[in-house]
Structures are given as structure tokens and as C-alpha cells.
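What follows is a single structure, written as C-alpha cells, with notes after it.
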Amino acid sequence: MARLLVAMLLTCTVAACGGTHELTRSALDHDFEAIQSAAAEGALLSHDVSRGRTTSAFARVHGGELAAQAEAVSARLESAQSSASLKDDVALARRLATSVARDLERLDEASEDEAGRIARRLEEAAQTADRESA
Amino acid sequence: MNKVFAIALGILAAIGGFVDIGDIVFNFAAGAAFGYELLWAVVVGVGAIITYAEMCGRVASVSGRAVFDAVRERLGFSVGMVTLVAAQIVNLLMVAAEVGGVALVLQLLSGLPYRALLLVAVLGLGLVVWFMPFGWIERVFGYGGLLLLVFAVGAIKLNPDWGEVGSGFVPHVAGTDTALYFYFVVGLIGAATVPYEVYFFSSGAVEERWTPKDLGVNRANAMIGFSLGGFLSFALMITAAALYFPRGIDPSKLGSVGLGAEVPLGAAALVIALVGILFAVGGAAIDTVLSGAYNVAQFFGWEWGKYRKPAGAPRFTFAWLVLVALGFLVVLTGIDPIMLTEYAVIFSVVALPTTYIPILLVANDRAYMGRYANGRWANVFGLVFLVVICAVAVAAIPLMVVTNMGQG
Amino acid sequence: MSNPIDLALGILDHQLIDADDRRCGKVDDLELEGVSTGSPRVTALLSGPSTWRGRGLVGRVAAAVVRRRSVRLSWEEVEGIDSAIRLRRRAADYGLGRGDDRARQWLRCLPGAE
């Protein structure tokens, strides 16, 4: 009995130190929620940019912060290991995160029309992410 | 008439000075996570700070002694020293968070790089505390904080369900994620009662040379000023509840707070909100830094007070200079000021009883207070809120661990 | 004050204030006489880091870190007691507040210091 416990403990320790983190469904849901949050907030900001209801400094700085949030999710998903059943969803999440990040980075230089288009794309991304995390 | 005017000005300063980065972060995050359901927790926090601020203002006016004098006298040297060290650690975290917050707001306003603005923030802090007289500090930063009223206007414009807002004021337990809910209860009460506020309020009474004649002003400042200050907290929570909660947005940046004023009201409101946050957080940084110096000086019996001028209270002056420098070093490590704020508030909650119990003891001491000792109502409220404070102090660390610092 | 408990609450750890109304330290310890005969009197107040040694474990650590002398104030020097202990003469006459004197040298030259 004692040897079995020690063996289990050792296995857990090795697994924990091994560096191969298996991505669970719940962690992936968390990532979808993070993407949804950044995209939804980004959509609000982009709407305001499209109607001239913000300052350029704010759009650049805060848009950049939201882009970094989405980028961080994308980077996390890139290095994560996942089971075969999750692989498609992980790929979707990465695509979403990357596109949200790129749109938000573009916001700074965007014209009012382009900002309106970015806002719509971000809203769609938020809805997709919301569906996936439900 | 002059007296009424003076009281009104004091109240205005108290309102604007009530909100600090802890209140901003926790009220906004609570609104986004739970909608209107946590408004009652803000009321509890405001009730506690009103009760105890009035008490320490009274103690300081009557005896000329501030909170940390009472801490050492009632708890003794050893326990007092532990309280002092704990208080200083929390003060340091809060100063760093507030300086970082000021830099973040300046960045959102100007677009200039964060690190350069950290230097601006810290130099500004040092120069203001060195040169600006105490009364000026209170007025300038207090009135500037009133700009946060833009969130009240914005909240109304967002057209919240006022029925739901009303039911948020009734204490209840949320159905979903109870641990996270109580984490926010702890954080909201903690942000409203963060110890540097009572240290500062009581030392401020001595700075402004209050005497028993000023007890009415003291009571007005505490009751009206802090209630209306709590109103600003409501505005922040309702804004986040109306705008972010339905969209599932988790506001983890100060920019998200600014956006909360911009969406309903536009670019001008954004700038007003950011400047309001600048004064509120900047003022809080000044208060915290001075609190740290008051604590050390009052514990060891050194001369203290801005009214003495820097050379008139040299060790006190060095104490706050060191705190500013250390705060700068902490925030220079690149740690996120918002995260630092959460840690500072939660850790300060754990030490709350060591701050508030001595106040209640000394306010009841007739040898100290004479006929101005606590009456029945002050004691009733004092005890009720002390129980609340002890409860949140015990619950803080477990909840922090279970909810992974509010990440759920 | 004959009851030692009253002494402790009434004087120990309280603020010392000199004749010029300046704060100059805390009462860190008391010198008592006649404790064994059942009628204790305070003969002197003690103030300074070295007296912290008698104030518990934390006090001993603090005294080891801050190695400075203490001052003995005989009971006759006490002018009055309210929320603080008021002394007859100025802090400099007792050797109190020396830390502030030392620290002042560094600040004097800076603009706006006085």
C-alpha cells in the first residue's frame, strides 16, 4: 500500500514537473471567455472610434491593452497540449484570439468607416467565443 | 454663514477624497461580475468607515492624539509593533498601486510611455507632499475627485433597471459562485475601510488643529462626506453592471473604467473621468504616504505633521520620503498596479481588527475623552461594525485562495 | 496612582511632550519603587530604544536592531498628565529628541524645509 502511494506521488510530481500541461475543457472555456471579454470591450471602443466619441491617445493605449490580452490567450494556446477531441476547438480559439488582437491593433490607425467594420467583426468574434464557452 | 460654508467645503473634499484605486477596482469589477447584487456591501463598508472616522476624528480633536498613539497605548509595544509592520507593508503596496494608477491614467490621457510617466508620478507625489500645505492638499485633490460624478451621470444615461438596482441594496447571497461573491463582499468592505483612511483622518484632525469646538464639523464631514463618497462607489458599480455585466466583459484595466464613462457620454466625459481618477488616486497616494509616516512617528513618539514643516519634523519627513522611494521601486518592477491593488486591499483586510479595536477602546476611555467619550449609538454601531470587520478579516485569505484572487 | 494597572494604562506607551509643546518620544518603561511593600510608586520614566528589551520578544529584537541609549526622567520632571505626559523643561535639556536633531541636519539645506 505504501509503495503504491509513493509511486502515485512520484508520478504526479513527475507529471507536474514535466512541463507538458494538458489543456482541459474548463481551461479552454476560460480562454474563450477571455477572448469574448476582450472582443466585446474592443467592440464598444471601436464603435466609439467610428463615431469620433473618443480620443486618439485613449484608443491607441486601451486598444493596445485589449489587443495584448487577446494576444496572451493566443500565445497560451499555442504552447498548450490538448487531446484530439479538443484540437479543433483549440484551433478555433487561437484563430479568434489572433484576429481579435490584430483588429484591435489596427484600431489606432483606422478611419471611422474602418473602425465601424472592426467593431462588427469584434462583435461577431465575441458571439462566436460566447457560443463556444457555453 | 461662514461656518456653514466651511462645513460644506469640508464635505466636498471628503466626497472627492473618498474614492481611491481600491474602491475603483473593486466596485467596477463587482458590478461587471455580479451586476447590481453587491450594492449592499458598499453600504456596509461606508457605514463602518463613517462610524470609525467620526470616532477617531473625535479622539484626535479632544486629545490631540491620533490612531497609532492609541494602537500602541492599548495594544502595547509588541502587538503595536506587529501592527505597525503589517500596516507599513500594506501602505507600501498601496502607494505602489496608486503611483502605478496615476501613471496609467496619465498614459491613457497622453499616450506617453508608462515608465516615463511613473517617474512623473513619483516626482509629482514627492513635490506635492513636500511643498503643498495640508489644507491645500485636501481641497485640491478632494474637489478634483468630484469629477468622478461624471460616472453618476453616465450610470443614469445607461438606463439601468432601477428595480434591480434597488434590490441590490438588500443584503442577500447570490445564487451562482458563492465563493467569488463573498470574495467581492470582503474586497468591497475592505476597500471602503482600508486602514490608511482612519490613520489619515485622525492625523488630519490634528493637522487642522481641531478642538472640541469642531466636533460638529467632524461629524458632518464623516457622515455626509463619506455617504456621498459612497454614492460615487455606487455610480461606478452601476456603470459596470449596466454596461459590462450583460456583455460578459471582465474589466481588468483602468482604461475599462474610463470606457465606462465614454460609452454613454462621449469623449469629453472620458477625459473628465480620467482626470477625476487622476485626482482621486493621486490624492489617495498622498494620503497613504503621509499615513505611513504618521504611523511610524506616532508609534515612536517622534514629532510629526505637515504643519511643522519638513525640518520641524525631520524623522517624519524621512519616513514618507522613504515610503515614496520604496513604492517607486516596487512599481518599477513592472507589476500590474490593478493586481497590486487587489493584493493590498485583501491583505489590509486581515489586519483591520488591529486598527479598529484600539479606536473603539480609546473612544470609550473617559480619562482620555472626558465627556466626549462614546455615547450609546457610537458604541452600538461601533460594535456591530467591529463584528463585521472581524468576520471579513477571518474570511479574507481563505476566499482569496479559493477564488484564485477573484479569477473564479 | 497607586495601582500598577492604572499606572500602565495611564502612563506607559504614552506620548512625552516638552515645555515647548514638542513631541519628544514615548514612555517606554517605568521605574517603580515599593512594589514588594504593596504600595508602589513611580520614581522615573524611561524613554529610548535600550528600554525596549523589557517589552517582550519583539521589544528585544527591536532593541538589538536600534542600538541607542535611553533617557531617565525622574518623576519630579512630570508637569502634568492628560492624554500625554507633559514635562517641565525642554527636550534638549533631557537629551530627548536627539534623533530629530540628527535628522534635521540632512534636511536644513533643502528649499522649503523650514
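A note on names: the letters A, B, ... follow the listed sequences, proteins ahead of strands, and every chain is numbered from 1.
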Of the backbone (N, CA, C, O) and the side chain (C-beta and beyond), which part of [X] lies under 4.5 Å from a heavy atom of chain C, both, or neither?
{"X": "B:F300", "result": "both"}
{"X": "B:V82", "result": "side chain"}
{"X": "B:F77", "result": "both"}

Contacting moiety of [X], where chain B heavy atoms sit under 4.5 Å:
{"X": "C:D21", "answer": "backbone"}
{"X": "C:D28", "answer": "both"}
{"X": "C:V61", "answer": "neither"}
{"X": "C:I17", "answer": "side chain"}

Please report the shortest heavy-atom distance between [X] and [Y], naming the atom on each side.
{"X": "B:R72", "Y": "C:V27", "answer": "NH2-O, 4.0 Å"}
{"X": "C:A62", "Y": "B:M81", "answer": "CB-CE, 3.9 Å"}
{"X": "C:A113", "Y": "B:K309", "answer": "O-CB, 3.7 Å"}
{"X": "C:R22", "Y": "B:E303", "answer": "CA-OE1, 3.4 Å"}
{"X": "B:S63", "Y": "C:S83", "answer": "O-OG, 3.0 Å"}
{"X": "C:R55", "Y": "B:S78", "answer": "O-OG, 2.9 Å"}

What is the distance from atom [atom1] of [X] to atom [atom2] of [Y], rounded to the nearest 0.5 Å?
{"X": "B:L321", "Y": "C:L107", "atom1": "CG", "atom2": "CG", "result": "7.5 Å"}
{"X": "B:W304", "Y": "C:Q15", "atom1": "CH2", "atom2": "CD", "result": "9.0 Å"}
{"X": "C:H14", "Y": "B:D69", "atom1": "NE2", "atom2": "CG", "result": "9.0 Å"}
{"X": "B:T317", "Y": "C:R104", "atom1": "OG1", "atom2": "CZ", "result": "10.0 Å"}

Backbone N/O of B:P314 and side chain of C:W106: donor-acceptor pair under 3.5 Å: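 Not at all, since once roles are kept as given, no pair shorter than 3.5 Å links the two residues.
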
Is the side chain of B:R315 donor-acceptor paired with the backbone N or O of C:D101 at a distance under 3.5 Å, no angle test?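 Not at all, since once roles are kept as given, no pair shorter than 3.5 Å links the two residues.
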
Check this for me, if you would: do B:R74 and C:D13 make a salt bridge, where the nitrogen-to-carboxylate-oxygen distance has to be below 4.0 angstrom?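 No, this pair does not count.
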
Most contacts with chain C, counted as non-hydrogen pairs under 4.5 angstrom, among B:A297, B:P310, B:G76: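 Among B:A297, B:P310, B:G76, the one with the most close pairs to chain C is B:P310.
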
More than 12 heavy atoms of other groups within 6.0 Å of [X] [atom1]:
{"X": "C:R88", "atom1": "CZ", "result": "yes"}
{"X": "B:R308", "atom1": "CZ", "result": "yes"}
{"X": "B:F134", "atom1": "CZ", "result": "yes"}

Option that, when pairs with chain B are counted at under 4.5 Å, heavy atom only, ranks first among C:G56, C:P49, C:G99: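 So the answer, after comparing C:G56, C:P49, C:G99, is C:G99.
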
Note, B:W130 side chain near C:L110 side chain (heavy atom, < 4.5 Å):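 The answer is yes, as the side chains (C-beta and beyond) meet within the 4.5 Å cut-off.
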
